[in-house]
Amino acid sequence: MEYNPKDIEPKWRAWWRENGTYQVKPDNSRPKFYILDMFPYPSGAGLHVGHPLGYIASDILARYKRLRGYNVLHPMGYDSFGLPAEQYAIETGIHPAQSTDQNIRRYREQLDNIGFSYDWSRELRTSDPGFYKWTQWIFQQLFNHYFDNEAGKALPIAQLEARFRESGNAAVQAACDEDTPVFSAEAWNAMSEKAHRELLLKYRLTFPEESYVNWCPALGTVLSNDEVKDGVSERGGYPVERKLMKQWSMRITAYADRLLAGLEEIDWSESIKEQQRYWIGRSQGAAVKFGVAGRPDAQIEVFTTRVDTIYGATFMVLAPEHELVSEITTEAQRQEVESYVRWAATRTEIDRMSETKKVTGAFTGAYALHPFTGDTIPVYLADYVLAGYGTGAVMAVPSGDQRDYQFARHYNLPIVPISDAQTGLDEAADPTKEGRYINSGIINGMTYAEAVPTLIRWLEARGLGKGKVQYKLRNAVFSRQRYWGEPLPVYWKDGTPYLIDAKDLPLRLPAVDKYLPTETGEPPLGRAENWRYTPPGSTESYEYELSTMPGWAGSSWYFYRYMDPHNEREFCSKEALDYWKGVDVYCGGSEHAVGHLLYSRFWNHFLYDLGLAPQKEYAKKLINQGMIQGRSNFVFRAKERFFEQYLWIKILQPFFSAESPIQLANTGHEETFTYDFAFETHDLAIEVTSYKQLDKIERVRQTTAADGKRLLLLFNEELADHINDHAYTAVKIRKALDSREAFIMTQEEPVSDILYVSYELTHKYDPECFSKLHVDVNIVDGDVLDLGRAAGKPMFHNAAFKMDPAEKKFYCSWEVEKMSKSKYNVVNPDDMVDKYGADCFRMYEMFLGPIEVGKPWDTKGITGVYNFLRKFWAQFFDEQGRFIVSEEPPGPDELRILHQTIKKVTDDIERYSMNTCVSHFMILNNELRSLKCNKRAILEPTVILMAPFAPHLSEELWRLLGHDSTVCSAPWPELNPEYLKSDTVTLAVQINGKLRGTLEAPLDMPYPDIEEIVLRQEFVQRNMQDLTIRKIVVVPNRIVNIVAN
RNA sequence: GCGGGAAUGGCGGAAUGGUAGACGCGUUGGUCUCAAACACCAAUGGCCGCAAGGUCGUGCGAGUUCGAGUCUCGCUUCCCGCACCA
């Protein structure tokens, strides 16, 4: 009986679905386990083989935990608000809901194909009003709370109001805007309601404010810091500029310390935790106020982490945007300063980054007063000081800070050493904390540890400064000028925002005629008719907020909704929260390190403060699956920014001969055309034995290159518009390349310093091949040539050639890169499932290597897994194809290998090492085959062990073994350590740490006997001839090391 | 520049301080076949050797240890993240 996945897989998927096998309910009799995948954004491209990697690993874990008796919550949903659907809507007029729905259906189909054990009755979509009702509700809670620094948690804003009425805000320790004025109770009580509301906005955890934001003109929206990479938008790569705008903001900074501390209690990768720590960017230092000469009213405050270097401050630098700039600038300098400020404003982020080493600045003509010495020091502007960090001003200590040093050198400002340990100040700054201070007034002769508190005490006593903690973390911009997102449940009255009544939630997205900004530049919601709110009991109506929420809103809390997805009264019931608590294992990509993974922790801390979340940290364990990369099909030009849109293939071998012309037919389109080829001459004769997979390449065009050699052009510019065709073609070409080393790809116009690339041309030294390639490839012997990084940035990795005549080896490597539609290197999981079955695909993805590391996709290896499954299947059938297992009792060898496998697979799943599990199954199968074992007592437990990995095959065999219930609820085989023991062990014998031989010895042989036996061995005696034994180290049942000289 | 991680055959990758290279791919040889494919069997880190065996081997250099891919120190290279953060 042949193993045919198509016969069994759809059948069992249907059965599982019909029988609700994967549906879960809270069950206090069993321990719970919550395994969550990061839900996908349903893009139009569908899944590729890289996507399911994490899903498969978590599915294996979920199935395993079920077999271990856990009540497993393993849900899936869609992060279905987002930019691409909106862009598509702008282009086509199709409502994003409609295209999103279509994409989701496609995703669901693909996910179903792979046999995941999701409880689909809990599916959710962030764009579903039943879901975003609660996103809006949480937003309202944030609006209604402030962060109390004394309590260390969020408290209702009403409590804050009460305190203001009682005693003003002087004694209130709360997270608030920097510019919050101090007021007394009397003053508060005398204010208007509008004034009250405006002041409260300075405390609320979400609030509108005028601030510099990342404005992306091309996308017509603002972006949060984590959505901007290298000065351009993460989606689309459009330029981003800084712009002062009124935006909703989340006071995440209030939680900075808790988000930092929380990292200590979660089992996430060090790299993600470090990224979050860095993003939060806590630094301890001091705030110091400098006076301005001749202006007793003005002060320049700076933040420094090195207050101990303050005596070395010989000038000050302000950011060009600093608010005091025009005030303190002298008339003589005004023109220069203004032109510098203008110049700085026009520079984009990219400009700044590419010129970080260049010193620019301007002198304001003003002088600051050094708080300790009273000296006057000049005040400059420079854009190396950032307006957005600290106070936007620094005290410049050229002897201790390299940037200040460079600036001082450029403007010929004094560089004063401040420590006797500083060296090399002729060359560079020396930021040492060693030694004792010199030229430093009250701290002369002190060490670093003594100086800092001395200085801070001095400053505090005079009101000139204080110790301060500064964060890099900024409040997160929370509004987007887009259509396809959650509407903010807010209306505007009298210039301040009000929440709509909770009973009016959800505030549904209105219909609009177009998905573009209005003619007056308002967001698309401005197009909605009658987009106004009438508060309960009011006759007036007021305009709703026109912005929507950002993409990360829904994903900041969705993990709770799965626990109770259909609840209409609460975001999640208390019972469900008490039972499921939080996520036990969270699986997803590391690209969300400082976006989703930080924002969701923030919301969770907030919900925890409200008593709505059971745990401070919602996900104890995080697994980051690596990215599966595709191979690039392109050869890049080193000196040009964009790579060729063509793929050239040069035929190296006469695989089209005059005798047997090959037809290349277009099979992908309605129009069909064929080319007949007959090549008479050939450039090279690398042996090629298989070409048949070439027969589906589309649109091949024969052409002649400049040097007169024949070339085939496989892509053409028309195809650029048909991305799917590209992907298709690229895959076909890769298959051809995979099958044989048939091609060299080359560029249109070869240039000597640019390389030709071939695909794993040879892996063994072949002198013929070598010399011919040498001629053709034009490369420097023994060199690894990096094809260069376009414009200094690794926009694309490149293929490299290495030829090493000394080693007689020739290497050629392909670059690997992210699989993406635009790179034409996508491999579709459906194709894999269609050809090999879901079980095989699942196992193969796991077999590729550890989940956390990225690796290139290589379809070749899948046959190994497929053969394994076929052979495993065959164990259950006799030659006539009848299902037959023996009821004989198993022998010790069979039991040993079974229990070894139980042990290894159990241990390895627990440590998320799925790749080695697959190996263990293969080893087990190889052993059982050589033992010709078809005994039920062995095979039945094996089927259960395999069930998490290959659920369909296991289910089929399980039923054939005579079970009525599903293998999904079978008990995990129990390890019996007795069976692992054997009578003898293989002892390795080393002499001075070198392996000299092995010998079979009885288990647990006593020491003197071991020594005796070992020394009797022929190979030991032979190697011991001139040596005297010093010592014999015995590791029981493993190794004997004879130390001798 | 700073932070995190990695480096093991032709390739993906295994190895609680204890026989490096499990398992798979690929390759080579063989069986089957008119032939091919599939399948099956065998070999497969390099070098020397007919063989037995020897010898060198986990990026480089030191160290700890009876014993190091694994631990320590110092480098190199690559990947990821951040990047004028005062």
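The sequence lines fix the lettering, A, B, ..., with proteins before strands; numbering per chain opens at 1.
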Inset, instruction - Would you mind checking if A/Glu1018 and A/Arg996 are paired as a salt bridge, meaning a charged N to carboxylate O distance below 4.0 Å? - result: no
Inset, instruction - For B/A86, take OP1 and OP2 only and decide whether either is under 4.0 Å from a side-chain N or O of A/Tyr389. - result: yes
Inset, instruction - Check whether the side chains of A/Ser913 and A/Thr916 place a donor and an acceptor atom closer than 3.5 Å, and report yes or no. - result: yes
Inset, instruction - Establish, with yes or no, whether the OP1 or OP2 oxygen of B/U55 is under 4.0 angstrom from a side-chain nitrogen or oxygen of A/Arg996. - result: yes
Inset, instruction - Sticking with atom P, work out how far B/G5 lies from B/G54, rounded to a whole angstrom. - result: 41 Å
Inset, instruction - Between B/U70 and B/G1, how far apart are the C1' atoms? Round to whole Å, please. - result: 31 Å
Inset, instruction - Using Watson-Crick or G-U wobble geometry with both distances below 3.5 Å, tell me the partner of B/G81, or none. - result: B/C2
Inset, instruction - Just do the side chain to side chain donor-acceptor pair (under 3.5 Å) check on A/Asn926 and A/Arg929 with the steps written out, would you? - result: CA-CA 5 Å; A/Asn926 291 344; A/Arg929 275 162 53 81; 5.0 Å; no
Legend entry - ring-ring contact (aromatic ring centres under 6.0 Å, His included) between A/Tyr836 and A/Tyr866, worked out: CA-CA 7 Å; A/Tyr836 300 101; A/Tyr866 190 68; 5.5 Å; yes
Inset, instruction - With heavy atoms under 4.0 Å as the rule, sort A/Lys273 into base, sugar-phosphate or nothing. - result: nothing
Inset, instruction - Give, for atom CG of A/Asn624 and atom CD1 of A/Ile272, the distance between the pair rounded to the nearest 0.5 Å. - result: 4.0 Å
Inset, instruction - Between B/A22, B/U19, B/G81, spot the one nearest the side chain of A/Ile923, thanks. - result: B/A22
Inset, instruction - Measure from the side-chain heavy atoms of A/Met922 and tell me the nearest of B/G24, B/U16, B/A83. - result: B/G24
Inset, instruction - Select from A/Gly861 and A/Leu848 the residue whose nearest nucleotide in RNA chain B is closer to the 5' end of that strand. - result: A/Leu848
Inset, instruction - Anything under 30° is parallel, anything over 60° is perpendicular, the rest tilted; go ahead and classify A/Phe868 against A/Phe921. - result: parallel
Inset, instruction - Tell which nucleotide pairs with B/A52, taking only Watson-Crick or G-U wobble pairs whose two distances are both under 3.5 angstrom. - result: none
Inset, instruction - Under the side chain to side chain donor-acceptor pair (under 3.5 Å) rule, what do A/Thr360 and A/Tyr340 come out as? Steps first, then yes or no, please. - result: CA-CA 9 Å; A/Thr360 65; A/Tyr340 183 72; 2.8 Å; yes
Inset, instruction - Answer with yes or no whether the side chains of A/Glu1000 and A/Thr986 bring together a donor and an acceptor at under 3.5 Å. - result: yes
Inset, instruction - Please confirm whether the backbone N or O of A/Glu301 pairs with a side-chain atom of A/Lys289, one donor and one acceptor, at under 3.5 Å? - result: no
Legend entry - Side chain of A/Arg1022 - closest among B/G18, B/A22, B/G54: B/G54
Legend entry - Inter-nucleotide P distance (B/G13, B/A6), Å rounded: 14 Å
Legend entry - Assigned partner base of B/G29, Watson-Crick or wobble definition, under 3.5 Å: B/C41
Legend entry - Same-atom distance (P) from B/G59 to B/G10, integer angstrom: 13 Å
Legend entry - Sugar-phosphate, base or nothing in reach of A/Thr998, heavy atoms under 4.0 Å: base
Inset, instruction - Can you figure out which of B/A15, B/G3, B/G24 approaches the side chain of A/Arg911 most closely? - result: B/A15
Legend entry - Rounded distance in Å between the C1' positions of B/C11 and B/C60: 24 Å
Legend entry - Shortest side-chain distance from A/Thr863, nucleotide among B/G81, B/C25, B/C84: B/C25
Inset, instruction - Could you check A/Ile862 against A/Ala988 and say which one's nearest nucleotide on RNA chain B is further toward the 5' end? - result: A/Ala988
Inset, instruction - Quick one: label A/Ser269 by what it contacts on the DNA or RNA (base, sugar-phosphate, nothing), any heavy atom closer than 4.0 Å. - result: nothing
Inset, instruction - Would you indicate what A/Phe303 reaches in the nucleic acid, counting non-hydrogen atoms under 4.0 angstrom: base, sugar-phosphate, or nothing? - result: base
Inset, instruction - Report yes if at least one side-chain N or O of A/Asn925 is closer than 4.0 Å to OP1 or OP2 of B/C23; otherwise report no. - result: no
Inset, instruction - Determine the contact category for A/Ser271: base if any of its heavy atoms lies under 4.0 Å from a base atom, sugar-phosphate if only primed atoms, P, OP1 or OP2 are that close, otherwise nothing. - result: sugar-phosphate
Inset, instruction - Sticking with atom C1', work out how far B/C82 lies from B/G12, rounded to a whole angstrom. - result: 31 Å
Expected rows: protein N/O vs nucleotides 57-68 of chain B N/O, under 3.5 Å:
| from | atom 1 | to | atom 2 | distance (Å) |
| --- | --- | --- | --- | --- |
| B/C66 | O2' | A/Asn1041 | ND2 | 3.1 |
| B/C66 | O2 | A/Asn1041 | ND2 | 2.6 |

Inset, instruction - Look at the side-chain N and O atoms of A/Asn915 and state whether any lies under 4.0 Å from the OP1 or OP2 oxygen of B/A14. - result: yes
Legend entry - Nearest-neighbour nucleotide for the A/Ile1039 side chain, B/U19, B/G4, B/C84 considered: B/U19
Inset, instruction - Assign the ring pair A/Tyr411 / A/Tyr380 to parallel, tilted or perpendicular, where the plane angle (0 to 90°) is split at 30° and 60°. - result: tilted
Legend entry - Integer angstrom distance from the P of B/U8 to that of B/A22: 16 Å
Inset, instruction - Could you measure between the two C1' atoms, the one in B/A7 and the one in B/G21, and give it in whole Å? - result: 15 Å
Legend entry - Contact letters for nucleotides 38-51 of chain B, in which S counts primed atoms plus P, OP1 and OP2 and B counts the base, heavy atoms under 4.0 Å: -SS-----------
Legend entry - A/Val989 and A/Thr998, any side-chain heavy atoms less than 4.5 Å apart: no
